[in-house]
Amino acid sequence: MKKRFSQRIGFGILWLCMAATLFFLGSIIYFIVVRGAGVFSWQFLTDVPRKSMTAGGVAPAIAGTVYLTMGAMVFALPLGIACAIYLNEYSPRGFIVNIIRMSINNLAGVPSVVFGLFGLALFVKSFKFGVSILSGSLTLGILVLPLIISAAQEALMAVPQSLREASLALGATHWQTIKRIVLPNALSGILTGAILSIGRIAGETAPILFTAATFYNRGFPKSIFDEAMALPYHIYALMTEGTHPDQQTAIAYGCALILLLLVLAISASAIIIRQRQRRFHA
Amino acid sequence: MHEKMNAKMEAREINFYYGAVRALKNINMSITGNTVTAIIGPSGCGKSTFIRLLNRMHELVAGSRVEGHVYLDGKDILDPTIDAVDVRRSVGMVFQKPNPFPKTIFENISYGLTVNNVRDKDYIEAKVVESLKKAALWDEVKDRLKDNALRLSGGQQQRLCIARCLAVGPEVLLFDEPCASLDPISTGKIEELMLELKKNYTIVIVTHNMQQAARVSDTTGFFLMGELIEFGKTQDIFTAPKNKQTEAYITGRFG
């Protein structure tokens with residue numbers, strides 16, 4: 001009886017923890033949807049901000065977020081995958097590689113505002129890209145590099161060693177083996193990791209604070225050297241600046257809802273890709 | 001340089017190290033062409049290490065080091081000026097667990113050709129059919145060459161791996177415990193196949209199965225703790241072993 005009782009208590013505690021987590025998650029979503037849905041309309045998604053940010057839409061911010069994340073991925077994805085291939089397939093295993101790995105992991109732990117300062121110093125000032133989509137994308141790209149590298153490395157490690165051996169034993173070169181056996185088999189894992197990291201950088205505020213974001217744009221950015229509005233920064237700006245806090249707060253929640261939906265959609269597509277790949281390999 | 005004129009492969013004074021551990025000690029072995037040579041011995045005796053040397057697969061293990069020579073038709077394949085890629089084209093390998101690529105049956109066989117820059121489609125197709133026939137798999141898969149190779153049974157997968165090897169046109173085939181994960185019927189088919197293949201190829205097989213060694217091989221080598229204890233005609237090894245340790249092992253008293 002005593003054994004059963006303690007098991008019940010144990011399970012009860014586990015259940016409570018799970019319920020608490022779900023409660024917080026659910027209430028965040030509920031909160032944002034309830035407060036944000038009010039301003040949601042076709043105009044909100046497609047129009048530019050009007051009447052000092054109290055009416056109109058947030059289309060430039062949506063576009064800015066899309067540009068910034070896409071720019072970051074264009075930069076970080078090839079670089080990150082190449083790094084992962086080097087670390088996993090080419091580098092001799094040993095002390096130095098362990099240090100590189102540790103550094104990459106540490107890079108992932110650096111606060112994002114530090115990346116923002118770094119981007120300001122390097123891209124905005126030294127490279128003279130100015131506060132622009134380019135600077136912001138590069139900064140976000142560096143922020144997301146460690147995530148992409150470790151996701152790609154995990155995917156590469158999941159490719160069975162026996163396939164590499166089979167390929168090499170057939171007289172394939174190391175490079176042919178990577179290109180034709182390792183990469184195709186790791187691709188879905190790499191893509192899943194990449195897509196999930198898109199979700200991560202779409203919501204980043206600090207790195208673009210000094211490098212790309214602007215509170216208000218009359219229209220859409222015209223080149224990569226233009227500043228851009230972005231959803232996360234727009235939320236921050238709406239909540240801290242301006243003269244019509246009531247209307248602005250509603251719009252901020254609307255922006256949060258868009259951001260939430262964007263990230264959910266991105267995660268969902270990652271799950272779909274993973275499932276498809278699993279079906280093929282079964 | 002060679003005592004036997006008809007040695008297809010010859011290992012001379014091989015010492016092998018994993019870091020500081022000496023895994024092979026002064027191995028000398030000559031492998032006659034168109035025969036099956038079985039390598040037996042308890043786990044960890046160095047037999048897999050030895051067979052992987054024969055097509056330079058040992059290079060994949062970081063921190064390993066080899067001394068000595070392995071001759072293929074009189075040419076030292078361990079010579080660093082010789083490309084391992086070329087060696088592996090002449091000396092193919094079939095592994096313990098069937099490891100087909102997650103590609104179609106056809107692509108599995110053609111892979112070895114395309115990585116060696118064969119582009120002629122008709123030639124590739126003919127080679128695929130020929131290799132599958134040689135590996136006694138053609139009748140079972142001829143209508144499903146576009147199927148994923150992973151849908152084949154374990155035994156079929158292993159014969160596919162053999163066919164994949166044959167397509168490249170090797171002269172020597174190395175089998176590293178090829179039946180370890182197969183049922184007796186599939187094992188029987190692979191053994192039959194080996195006897196057929198030795199007409200055109202030289203075969204070296206590592207096996208834990210004494211009966212298998214006795215059934216398929218002409219020559220047997222017994223490894224123990226990195227040393228080649230006894231090497232001779234299979235019949236002699238199994239009926240009248242000269243060494244006490246060999247006798248103890250094949251009669252099942254240890255290992």
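Chain A is the first sequence line, chain B the second, and so forth, proteins listed ahead of strands; every chain is numbered from 1.
With respect to chain A, the highest number of heavy-atom pairs below 4.5 Å among N116(B), V91(B), L174(B) belongs to N116(B). For the set V85(B), V115(B), D83(B), the count of heavy-atom pairs under 4.5 angstrom toward chain A peaks at V115(B). In terms of heavy-atom pairs under 4.5 angstrom with chain A, the leader among M57(B), R56(B), M93(B), R89(B) is M57(B). The residue among T114(B), V94(B), D86(B), L113(B) with the most heavy atom pairs within less than 4.5 Å of chain A is T114(B).
Heavy atoms closer than 4.5 Å to chain B are found nowhere in R164(A), neither backbone nor side chain. Of the two parts of P100(B), only the backbone, made up of N, CA, C and O, holds a non-hydrogen atom closer than 4.5 Å to a non-hydrogen atom of chain A. Only the side chain of F95(B) comes within contact range of chain A, with heavy atoms under 4.5 Å apart.
Annotation for A202(A) and P232(A): closest pair O-CG, 3.5 Å, computed over non-hydrogen atoms. Nearest approach of P178(B) to V206(B), heavy atoms of both residues: CD-O, 3.8 Å.
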Problem set entry | Intermediate values then yes/no, salt bridge (charged side-chain N to carboxylate O under 4.0 Å, His left out), R88(B) and E165(A) | CA-CA 11 Å; R88(B) 291 170 191 152; E165(A) 290 190 343; over 6 Å; no
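Within the model, atoms NZ of K198(B) and OG1 of T37(B) stand 9.5 Å from one another, a figure rounded to the nearest 0.5 Å.
Checking Q158(B), Q157(B), R164(B) one by one against N99(B), the side-chain hydrogen bond (donor to acceptor under 3.5 Å, both in side chains) holds for a single residue, R164(B).
No side-chain heavy atom of Y71(B) sits less than 4.5 Å from a side-chain heavy atom of I31(B).
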